Amino acid sequence: MRIVVTGGAGFLGSHLCDALINRGDSVICVDNLSTGRRENIEHLMSHDEFEFIMADVSEEIPVTVPVDAVAHLASPASPPDYHRMPLETLAVGSRGTEQGLALAQRSGARFVLASTSEVYGDPQVHPQTEDYWGHVNPIGPRSIYDEAKRFAEALTSAHRRTSQANTGIVRIFNTYGPRMRPHDGRVVTSFISQALNGDPLTIYGDGSQTRSFCYVDDLIRGIVAMIDSTDPGPVNLGNPHERTVGELAELVLQLTKADSTIEYHPLPVDDPARRRPLITRAQQVLGWEPVVSDEDGLRRTVQYFQGRPEEVEAAREAIAGGQLDGAVVPAQGTAGVVQAA
Ligand code: NAD
Ligand code: UDP
């Protein structure tokens, strides 16, 4: 198959490109390198079946050959990234998704949208099932990302209804692994970088909020299965093993054998309190479930970071004290409250 991967130079996108190339597909990776890195796909550049196109998919996806599938992953994903690029995030969720759907439609190809657990917002239903409509603040600081993805889901569903397009939606829960940037501001990368630098681990809030962390190899198997399927979704893809952010900090300290202390910082506005996917649909529809334990996945990620000491050291400034641009957004009006730790 010939498959277009938007956002293919990013963390998840580059692993998806690898998986597709490894099984014999041709891949066209379209990325503007706003949060992705050429380094992530450098090893694929000389491959006959791999092509990289540098483009902003919100403007145009310059692919004119027929394709069999479009996997739309382009979008900032880390909260500090989307706070830094609010309009670009809204654009790629809306206009970028429209471009991806149009490209798929021209070829009668399968379109798979990388949506997110953020469509559930700060969920009032736990664990989250696909039929839950979510609890999202439409004007809060996270709305740039949450609503962009909700719009992308609506657009994808409308195309399916109106033109019988072959579309699929996956809702991805927190995923981590090699190729994440040490300074990207997400919790796993921040804790590992801080531990390796011997700096305090910065917990936002009191650390009782939960997340469920999925290792990248598991997640990519799920996306590939969705590309091969004709199921419309949405399908949750994530690891149902839930843990608190405080427990994650303890696990990272244990695996890195670091003697870092823990520092508490204000909780960002609208930070979801609990998040865990119910994956029954993924099991039934895609025959998918994660197999890598948090301990194994984190060990592999720590090893990747240990192989990049300069980058990890350079991330120190950016993540020190949770001062990443936009990591902690002050309350505005009635949009939410910053809770002291
Ligand atoms: P990432 O930031 O590493 O990758 C995103 C990629 O998209 C980058 O390479 C970036 O340069 C590219 N991009 C952004 N805007 C673009 C544009 N307008 N035109 C072209 N390229 C553009 O993030 P990631 O973690 O790999 O996330 C990939 C996708 O998966 C995103 O759509 C994200 O919303 C979704 N997702 C990820 C997670 C996770 O935990 N990693 C969770 C939920 C959803
Ligand atoms: N978090 C934290 N310390 C950090 C970065 C994040 O305690 O240095 C918290 C954050 O407030 C959230 C959780 O960890 O409750 C997961 O954050 P992340 O940005 O990784 O993903 P998301 O909030 O999008 O799930």
Side-chain angles (χ1 to χ4, degrees), residues 10-12 14-15 18 37 39-40 77-80 117 172-222 237-265 267 271-272 274-277 279 289-324 327 341:
F11 160 51
L12 294 182
S14 62
H15 285 281
D18 280 348
R37 299 194 288 193
E39 177 201 328
N40 290 343
S78 161
S117 53
I172 303 169
F173 284 64
N174 297 62
T175 302
Y176 68 96
R179 296 191 194 154
M180 289 183 96
R181 295 159 298 154
H183 65 274
D184 101 343
R186 286 181 268 195
V187 68
V188 171
T189 51
S190 292
F191 283 178
I192 293 177
S193 301
Q194 288 163 336
L196 295 181
N197 285 330
D199 292 334
L201 270 54
T202 52
I203 290 184
Y204 301 162
D206 63 5
S208 64
Q209 72 270 39
T210 67
R211 294 292 187 272
S212 308
F213 298 97
C214 186
Y215 186 65
V216 61
D217 291 0
D218 280 335
L219 197 277
I220 295 301
R221 269 192 302 109
L237 291 181
N239 192 323
H241 182 216
E242 180 183 6
R243 59 170 78 234
T244 67
V245 165
E247 286 164 357
L248 175 72
E250 292 300 333
L251 183 55
V252 168
L253 289 179
Q254 189 191 315
L255 293 174
T256 53
K257 301 187 176 59
D259 55 6
S260 299
T261 55
I262 289 184
E263 254 177 31
Y264 292 90
H265 291 258
L267 190 69
D271 198 281
R274 300 188 75 185
R275 198 184 272 162
R276 170 157 66 94
I279 60 163
E289 60 185 15
V291 296
V292 180
S293 68
D294 286 357
E295 286 75 6
D296 280 352
L298 284 170
R299 222 173 266 125
R300 292 181 216 175
T301 313
V302 167
Q303 269 171 16
Y304 174 82
F305 276 43
Q306 282 170 329
R308 296 171 154 65
E310 285 159 19
E311 221 180 292
V312 172
E313 162 71 25
R316 175 176 250 152
E317 286 291 295
I319 55 178
Q323 292 308 304
L324 253 178

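Values reported hereafter were calculated over all heavy atoms of this structure, with side chains retained and with hydrogens, waters and symmetry mates removed. Computed from a predicted structure; not experimentally measured.
- Considering every non-hydrogen atom in both Thr256 and Ala195, the closest pair reads OG1-CB, 3.5 Å.
- Between Arg181 and Thr189, every side-chain heavy-atom pair lies at or beyond the 4.5 Å cut-off.
- To the nearest 0.5 Å, atom CZ of residue Phe173 and atom CZ of residue Arg275 are 7.5 Å apart.
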* To do: Starting from the C-alpha separation in whole Å, work towards a yes-or-no answer on side chain to side chain contact (heavy atoms under 4.5 Å, CB included) for Arg243 and Phe213.
  => CA-CA 8 Å; Arg243 59 170 78 234; Phe213 298 97; 4.3 Å; yes

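- Without hydrogens or angle criteria, Gln194 side chain to Thr202 main chain gives a donor-acceptor distance under 3.5 Å.
- Residues Ile172 and Leu12 have side chains in contact (heavy-atom distance under 4.5 Å, counting atoms from C-beta outward).
- The heavy-atom pair separating Pro290 from Gly238 by the smallest distance is CG-O, 3.7 Å.
- Expressed to the nearest 0.5 Å, how far OG1 of Thr301 lies from CG of Asp296 amounts to 10.5 Å.
- In terms of heavy atoms, Ile319 sits closest to Ser193 at CD1-CB, 3.6 Å.
- Here the OG atom belonging to Ser190 is positioned 11.0 Å from the CG atom belonging to Asp199, to the nearest 0.5 angstrom.
- Sparse packing is recorded around CD of Glu310, with 12 or fewer heavy atoms of other residues, nucleotides or ligands lying under 6.0 Å away.
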* To do: Take Asp294 and Leu248, measure what side chain to side chain contact (heavy atoms under 4.5 Å, CB included) needs, and give me the verdict at the end.
  => CA-CA 9 Å; Asp294 286 357; Leu248 175 72; over 6 Å; no

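- Distance check, rounded to the nearest 0.5 Å: CZ of Phe305 to CD1 of Ile192 gives 5.5 Å.
- Pro178 and Arg300 get closest at one heavy-atom pair: CG-O, 4.2 Å.
- Side-chain atoms of Glu247 and Leu251, non-hydrogen and from C-beta on, never get closer than 4.5 Å to each other.
- Residues Asn239 and Val292 are not in side-chain contact: their nearest non-hydrogen atoms beyond the backbone lie 4.5 Å or more apart.
- Side-chain N or O atoms of Thr210 include none that pairs as donor or acceptor with a backbone N or O of Glu242 at under 3.5 Å.
- Between Asn197 and Glu313, some side-chain heavy-atom pair lies under the 4.5 Å cut-off.
- When all heavy atoms of Ala249 and Leu201 are compared, the closest pair comes out as O-CD2, 3.7 Å.
- Between Arg211 and Asp271 a salt bridge is recorded (basic side-chain N to carboxylate O distance below 4.0 Å).
- A donor-acceptor pair under 3.5 Å is absent between the side-chain atoms of Thr175 and the main chain of Tyr215, judged by distance alone.
- Checked by atom type and distance alone, the side chain of Gln209 pairs as donor or acceptor with a backbone atom of Tyr204 at under 3.5 Å.
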* Begin with the C-alpha distance, continue with both residues' side-chain angles, and end with the deciding distance and a verdict on side chain to side chain contact (heavy atoms under 4.5 Å, CB included) for Leu253 and Phe191. => CA-CA 8 Å; Leu253 289 179; Phe191 283 178; over 6 Å; no

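- Distance check, rounded to the nearest 0.5 Å: CZ of Arg276 to NE2 of His241 gives 9.5 Å.
- Within the 4.5 Å cutoff, the side chain of Val291 has heavy atoms near those of the Arg221 side chain.
- In this structure, Arg308 is positioned above the aromatic face of Tyr304, its NZ or CZ under 6.0 Å from the six-membered ring centre and within 45° of the axis.
- Not one N or O on the side chain of Arg37 forms a donor-acceptor pair closer than 3.5 Å with the backbone of Phe11.
- The line from CZ of Arg274 to OG of Ser212 is 9.5 Å long, rounded to the nearest 0.5 Å.
- A pairwise comparison of heavy atoms in Pro240 and Pro277 identifies CB-O, 3.7 Å as the closest pair.
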